[in-house]
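The next block holds one structure in the form of structure tokens; read it before the comments.
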Protein chains: 2
Amino acid sequence: MDQTASQVEWKKGSAELLILSLVEARPRHGYEISKLIEQRSGGTVRFHVASLYPLLYRLERRGWLCGRWVEKSGQRRRRYYRLTRQGRKVLASQLRGWHEFVVGINRITEAENA
Amino acid sequence: MDQTASQVEWKKGSAELLILSLVEARPRHGYEISKLIEQRSGGTVRFHVASLYPLLYRLERRGWLCGRWVEKSGQRRRRYYRLTRQGRKVLASQLRGWHEFVVGINRITEAENA
DNA sequence: TTCAATATGTTGCCGTGCCATATATGGACC
DNA sequence: GGTCCATATATGGCACGGCAACATATTGAA
């Protein structure tokens, strides 16, 4: 479960897809997203705050997410992000692209042992 | 089959795995490797020379590949790379890591639609 | 003789993730 | 009261890998 050098590189670009996926069903805040990624991947995938928060702003700036501050007594303010209509299209496109990519890589790495 | 922005990022780190996989069975030269990646992925995955050749030197410097010039009449000189014993171990490790990573990503992106 | 395919190589840019550091609140434990 | 951990957001500067653009050189086909 260690983070090999390659795993660090593989992550590049995947954060977008993960965030968009996680806010698809309902709005979530940054910290929640980061914890969900870690939990659901069984600890294999993890993103540092220095990656996550800037990415959230980026996705919002692109119009794929829409963030809104929520204040509740007994807890710090949180910024909840929901998926916009445009974000939904991007998510669908990225999911297609991701599956295509995985198939491509697998075809290459498995061709030799076929 | 277009190269979305994300697909460019997803590729990061995958080139290593692909090259190691492709020279596993027998030595190959850079151009051949690049063509094989493109063909076997159905055009989905492609690496430019400015990524490929420097990467080959890097892998050789790390002792994962061993290159040797081959001159034949009727064709330009080619540098054939073979997988070293250490490279074989790295390949096995990277393959495990890659599969783990894919499972992790899929668990996250599919959890919502389950 | 021009063009495409083959084959290798380099400089410099850009995007994305990480390290380290920072701020701030609530609850548990001693 | 004080310490520590989990929660929650934020940022400056670095590292690294892929790309665009450019460069060189040979073979064979139109």
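Within every chain, numbering begins at 1; the chains are lettered A, B, ... in the order of the sequence lines, protein sequences first and strands thereafter. Values reported hereafter were calculated over all heavy atoms of this structure, with side chains retained and with hydrogens, waters and symmetry mates removed.
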Atom CG of B:Leu52 and atom P of C:dA7 are separated, to the nearest Å, by 13 Å
Spacing between A:Glu71 atom CD and C:dA24 atom C1', to the nearest angstrom:
13 Å
Look at the side-chain N and O atoms of B:Tyr53 and state whether any lies under 4.0 Å from the OP1 or OP2 oxygen of C:dG9.
no
Rounded to the nearest angstrom, tell me the gap between atom CG in A:Leu17 and atom C1' in C:dT16.
15 Å
Protein-nucleotide distance (A:Gln7, atom CD; C:dC18, atom P), rounded to Å
12 Å
Answer yes or no: does a side-chain N or O of B:Arg58 lie under 4.0 Å from OP1 or OP2 of D:dC16?
no
Atom-to-atom span, CZ of B:Arg28 to P of C:dA7 - whole angstrom:
13 Å
B:Lys35, nearest nucleotide to its side chain (from C:dC18, C:dT6, D:dT9)
C:dT6
Distance-only, no hydrogens or angles: does the B:Thr84 side chain make a donor-acceptor pair with backbone N or O of B:Gly63 under 3.5 Å?
yes
Does A:Trp69 reach a base, just sugar-phosphate, or nothing at all? Heavy atoms under 4.0 Å.
sugar-phosphate
Phosphate OP1/OP2 of D:dT7: any A:Arg77 side-chain N/O under 4.0 Å:
no
If each of A:Tyr57 and B:Ala50 is mapped to the nucleotide of DNA chain D with the nearest heavy atom, which maps nearer the 5' terminus, i.e. the 5' end?
A:Tyr57
Interatomic distance, CG@B:Leu18 vs CD1@A:Ile108, rounded to 0.5 Å, equals 4.5 Å
Can you tell me how far apart CG (A:Leu65) and CZ (A:Arg79) are? Round to the nearest 0.5 Å.
10.0 Å
Please state how far atom CG in A:Leu55 lies from atom P in D:dT9, giving the value in whole angstrom units.
14 Å
Less than 4.0 angstrom between a side-chain N/O of A:Tyr31 and OP1 or OP2 of D:dA6, yes or no?
no
Nearest whole Å is fine: how far is C:dT10 C1' from B:His48 NE2?
16 Å
Can you tell which of D:dG18, C:dT10, D:dA10 lies closest to the side chain of B:Lys11?
D:dG18
Can you check the B:Arg79 CZ to D:dT24 C1' distance for me, whole Å?
18 Å
Return the 5'-most residue of the pair B:Arg76, B:Val49 with respect to DNA chain D, ranking by each residue's nearest nucleotide.
B:Val49
Donor-acceptor contact below 3.5 Å, side chain A:Arg107 vs main chain B:Arg40:
yes
Kindly say if A:Lys12 contacts the phosphate of C:dC18, meaning a side-chain N or O under 4.0 Å from OP1 or OP2.
no
With a 4.0 Å limit, can you tell me whether A:Ser51 has a side-chain N or O closer than that to the phosphate oxygens OP1/OP2 of C:dT16?
no
Is a salt bridge present between A:Glu9 and B:Lys12, judged by a nitrogen-to-oxygen distance below 4.0 Å?
no
At less than 4.0 Å, is any side-chain N or O atom of B:Arg78 found next to OP1 or OP2 of D:dT27? Yes or no.
no
